[in-house]
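Worksheet: the structure to be examined is printed underneath.
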Number of protein chains: 2
Amino acid sequence: MTLTADQKRRRAQQDYNGGLGLCPARQLLETISSKWVTLVMLALSDGSLRHSELRRQVAGASQKMLTSTLRSLERDGLVSRTVTSSVPVRTDYQLTPVGHSLLDVVYRLKGWAEDNMDDVAHARMAYDRGRLTRVE
Amino acid sequence: MTLTADQKRRRAQQDYNGGLGLCPARQLLETISSKWVTLVMLALSDGSLRHSELRRQVAGASQKMLTSTLRSLERDGLVSRTVTSSVPVRTDYQLTPVGHSLLDVVYRLKGWAEDNMDDVAHARMAYDRGRLTRVE
DNA sequence: CTGTATCCTCTAAGATACTG
DNA sequence: CAGTATCTTAGAGGATACAG
């Protein structure tokens, strides 16, 4: 059986989605690139916080996003959640050891970014300038 | 002037989008979490490749995505593009030094993922199991 | 206080077809 | 060979209202 290049590509696409898509590194990228994940983890870096405290500290996140971010972090075992059934309810969140180790990795990312994003920004400007002069 | 909590949150949202949204680390995350960026960079890690070679090596990427990924990498100065105006045209791509240094960071990410994503996967299963028994 | 549930919007990614 | 142009779609993120 002979496959066209296009068919091969589509099959590869399947492979990607079912195989590489499950690759650990890919999953990690998807986790930490979620909009609020790093900010929440950062907020929790020096201790546990209540939901309302997080809300204040990670200002800008809607309640829905804060909750869903926390849920996914909890699900991944990066954050632990402690509910105190008083009235009113009290909920505390804190990084697990795994969560802390991930935060270390995030700091490395941050380090590279701070060291190099200036260059990147300049490259972008140069590139865009080139495009403009060619277009106008 | 007094702001409601909601007004404060919305202002914070603005601040985020106009301020933190421009934070280097955030930009970096957005770059490398784009679906094909890491795969393309990986493919280019041991030398330059032509467009068609990349197409074969990064199987699964549509032509559009491959091109647009390459464009954004070029714009950021992570990849350089060399066009040879023969017939037919020949285009070669290779990582710049900055691109290589970013690849190093990506390898760190990959390392953490390989070391910890097992734990994460187990945490997920445990979490989901809990949810299920509660729901059923 | 801590959350769900609903609806809406916007954009990354993909399918497809065409050009120098 | 290398690339652009257009259309479509799935899902992340956000606004709002309600509930234990």
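The chains referred to below are lettered A, B, ... by the order of the sequence lines, with proteins before strands, and numbering in each begins at 1.
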Closer than 4.0 Å, any side-chain N/O of [X] to the OP1 or OP2 of [N]?
| X | N | result |
| --- | --- | --- |
| B:T91 | D:dC1 | no |
| B:S62 | C:dA13 | no |
| B:R90 | D:dA2 | no |
| A:R55 | C:dG3 | no |
| B:R81 | D:dG3 | yes |
| B:Y93 | D:dC1 | no |
| A:T67 | C:dT4 | no |
| B:R50 | D:dC1 | no |

Separation of [N] [atom2] from [X] [atom1] (nearest whole Å):
| X | N | atom1 | atom2 | answer |
| --- | --- | --- | --- | --- |
| A:L39 | D:dG13 | CG | C1' | 14 Å |
| A:L66 | C:dC1 | CG | P | 13 Å |
| A:L29 | C:dA13 | CG | C1' | 16 Å |
| A:L54 | C:dT2 | CG | P | 10 Å |
| B:L49 | D:dA2 | CG | P | 11 Å |
| A:M65 | D:dT16 | CE | P | 16 Å |
| B:E53 | D:dG3 | CD | C1' | 17 Å |
| A:R71 | C:dA5 | CZ | P | 11 Å |

Worksheet entry | Touch class at under 4.0 angstrom, heavy-atom based, for B:S68 against every strand present | nothing
Worksheet entry | NZ/B:K35: more than 12 non-hydrogen atoms of other groups inside 6.0 Å | yes
Worksheet item: Should the heavy atoms of other residues, nucleotides or ligands under 6.0 Å from CZ of B:R108 be counted, would the total exceed 12?
Response: no
Worksheet item: Where do A:S80 and A:T96 come nearest, in terms of heavy atoms and distance?
Response: N-CG2, 3.9 Å
[X] has a side chain; which of [options] sits nearest to it?
| X | options | result |
| --- | --- | --- |
| A:S52 | D:dA2, C:dC1, C:dG14 | C:dC1 |
| A:V89 | C:dA13, C:dT2, D:dG3 | C:dT2 |
| A:W36 | C:dT2, D:dG14, D:dC1 | D:dG14 |
| B:K35 | C:dG14, C:dT4, D:dG13 | C:dG14 |

Practice prompt. Would you check, one step at a time, whether the test salt bridge (Lys or Arg N to Asp or Glu O under 4.0 Å) holds for B:R124 with A:D76?
Written response: CA-CA 5 Å; B:R124 279 184 193 171; A:D76 289 352; 2.6 Å; yes
Worksheet item: Pick the nucleotide of DNA chain D nearest each of A:G60 and A:Q63; which residue has the one closer to the 5' end?
Response: A:G60
Worksheet item: Does B:K64 get its side chain close enough to the base of C:dG14, under 3.5 Å, for a donor-acceptor pair?
Response: yes
Worksheet item: Would you call A:R81-A:D92 a salt bridge at under 4.0 Å N-O?
Response: no
Worksheet entry | Any donor-acceptor N/O pair, B:E74 side chain to B:R71 backbone, under 3.5 Å | no
